[in-house]
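To keep things clear, I will list the structure first and then write my remarks on it.
A note on names: the letters A, B, ... follow the listed sequences, proteins ahead of strands, and every chain is numbered from 1. Since we're looking at a predicted model, the values are computed, not measured.
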Amino acid sequence: MDCPITVRIQPGPFDAAAEAARLSAGRTDVGAVVTFTGLCRAEAGRLAALELEHYPGMAEEEIRRVAEEAASRWPLMGVTAIHRHGRIPPGGDIVLVVTASAHRKAAFEAAEFLMDYLKTRAPFWKKEHHVDGSEGDWVAATDADDRAAERWRR
Amino acid sequence: MDCPITVRIQPGPFDAAAEAARLSAGRTDVGAVVTFTGLCRAEAGRLAALELEHYPGMAEEEIRRVAEEAASRWPLMGVTAIHRHGRIPPGGDIVLVVTASAHRKAAFEAAEFLMDYLKTRAPFWKKEHHVDGSEGDWVAATDADDRAAERWRR
Amino acid sequence: MKLVYFAWVRERIGKPEEELSPPAEVRTVAELAAWLAGRGEEYAYAFENPGIVRAAIDRKHVKPDAPIAGAREIAFFPPMTGG
Amino acid sequence: MKLVYFAWVRERIGKPEEELSPPAEVRTVAELAAWLAGRGEEYAYAFENPGIVRAAIDRKHVKPDAPIAGAREIAFFPPMTGG
């Protein structure tokens, strides 16, 4: 199936609407588009920003591998994944995943798979910066994220 | 939890981007926004349009009931559901569901729940119009949709 | 009471709505459907497979055994295909 | 070979990358981590819990028993927290 894959790693914001619209533009076989946007939370006012470090060479390659695996598991008609790096303030966008398919089940499952795998496989690390100006800790990986990724194993 | 619910039934198109942006605008506790857009497929060039009939009094009330159930099951920070009626050409938007939450699991599950319930409970009926000008059949409900809704029963 | 019909139920009966007063022994939605089916060919056609036709009373989904007493508006329609 | 470090592995070692030539008996990623841990306090700190540090060879995730022969770039980093 023709499934264009777009992966970008960038410091600046993305246009979720334009990315989603692009996956169904000019075609009439897409019946479902799922868009996931992950945002930076203030954690009850504690955070001034999250700083996202990444492995420049590997980040795009790894996300592309994950997107290609999604396209091989589900009948997708398009996959877009964009991940920002650098300093992101509360309310700012961090990650975007868009999937398009004829039917909603494939689009939903593929988007969840992509996010679960991104969380545990894409080489990004979050560091907290506090509102009092102090540098916080590196965010710890969670068991919940590992379990979420584990359910797709086969 | 403060969860604004927006439900609209309308003949014209919606602005998925604006609806999604509205759910996280001006707040820093939203970490995940899931947007589902359902579109009219051409069915391999066979369809000129889908015509969506609805029960004007009941459609909005029923979708609101489903949205309120979603907000009671998951820790949501916003739910928007918009369903169009009337004649919609291939490639045109039919339905929009947006969910916002602190974490992705709740946003994904609630969006899938909303779509599964919308499919089987919202009083809408699709009729096909063929490209040769003939009026086609009413779209039949599918077992797959019934099963999809069934899994949320408790 | 007001009866409203949608999709192919509406098309088969040939009208979107009507006011009817079923006799007192018609107590449930299923009995109302059976009574309607006896009103003529077009109704018989609409309810030829009564198990498939769904109903709502005053804009809420109901099962076939739901009582119709006090209903202002009863709707009959095929399984829904929106979304 | 080129070694690159990220997040708190980078902070503990105190540099983002370096060129090193481990001895021939260092054959796997786990052996490389153990050899690095013996190079000084900062490395010992970075690998104090070797089970938690992840590795990639030439930009692909690998397990601790992966052979390092032929690798151009080996990365060490904490569990990922992107997305």
Should [X] and [Y] count as an ion pair when the cut-off is N to O under 4.0 Å?
| X | Y | value |
| --- | --- | --- |
| Arg121(B) | Glu69(B) | no |
| Arg64(B) | Glu61(B) | no |
| Asp29(B) | Arg27(B) | yes |

So what's closer than 4.5 Å to chain B heavy atoms on Ala7(C): side chain, backbone, both or neither?
->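 Both backbone and side chain.
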May I ask you to name which of Glu62(B), His85(B), Met115(B) has the most heavy-atom pairs under 4.5 Å with chain C?
->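 Option with the greatest count: Glu62(B).
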Most chain C-contacting option - heavy-atom pairs closer than 4.5 Å, from Lys127(B), Glu51(B), Arg84(B) |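 Between Lys127(B), Glu51(B), Arg84(B), the count favours Lys127(B).
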Measure the shortest side-chain to side-chain distance between Leu36(C) and Leu20(C) over non-hydrogen atoms and say whether it is less than 4.5 angstrom.
->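 Side-chain contact under 4.5 Å: yes.
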Would you mind checking which part of Ala140(B) comes under 4.5 Å of any heavy atom in chain C, side chain (CB onward), backbone (N, CA, C, O), both or neither?
->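 Backbone of Ala140(B) only, per the 4.5 Å heavy-atom cut-off to chain C.
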Who wins among Arg54(C), Glu11(C), Glu73(C) for the most heavy-atom pairs under 4.5 Å with chain B?
-> Glu11(C)
Determine yes or no for a side-chain-to-main-chain donor-acceptor pair under 3.5 angstrom, with Arg153(B) supplying the side chain and Glu150(B) the backbone.
->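 Looks like no, no N/O pair under 3.5 Å.
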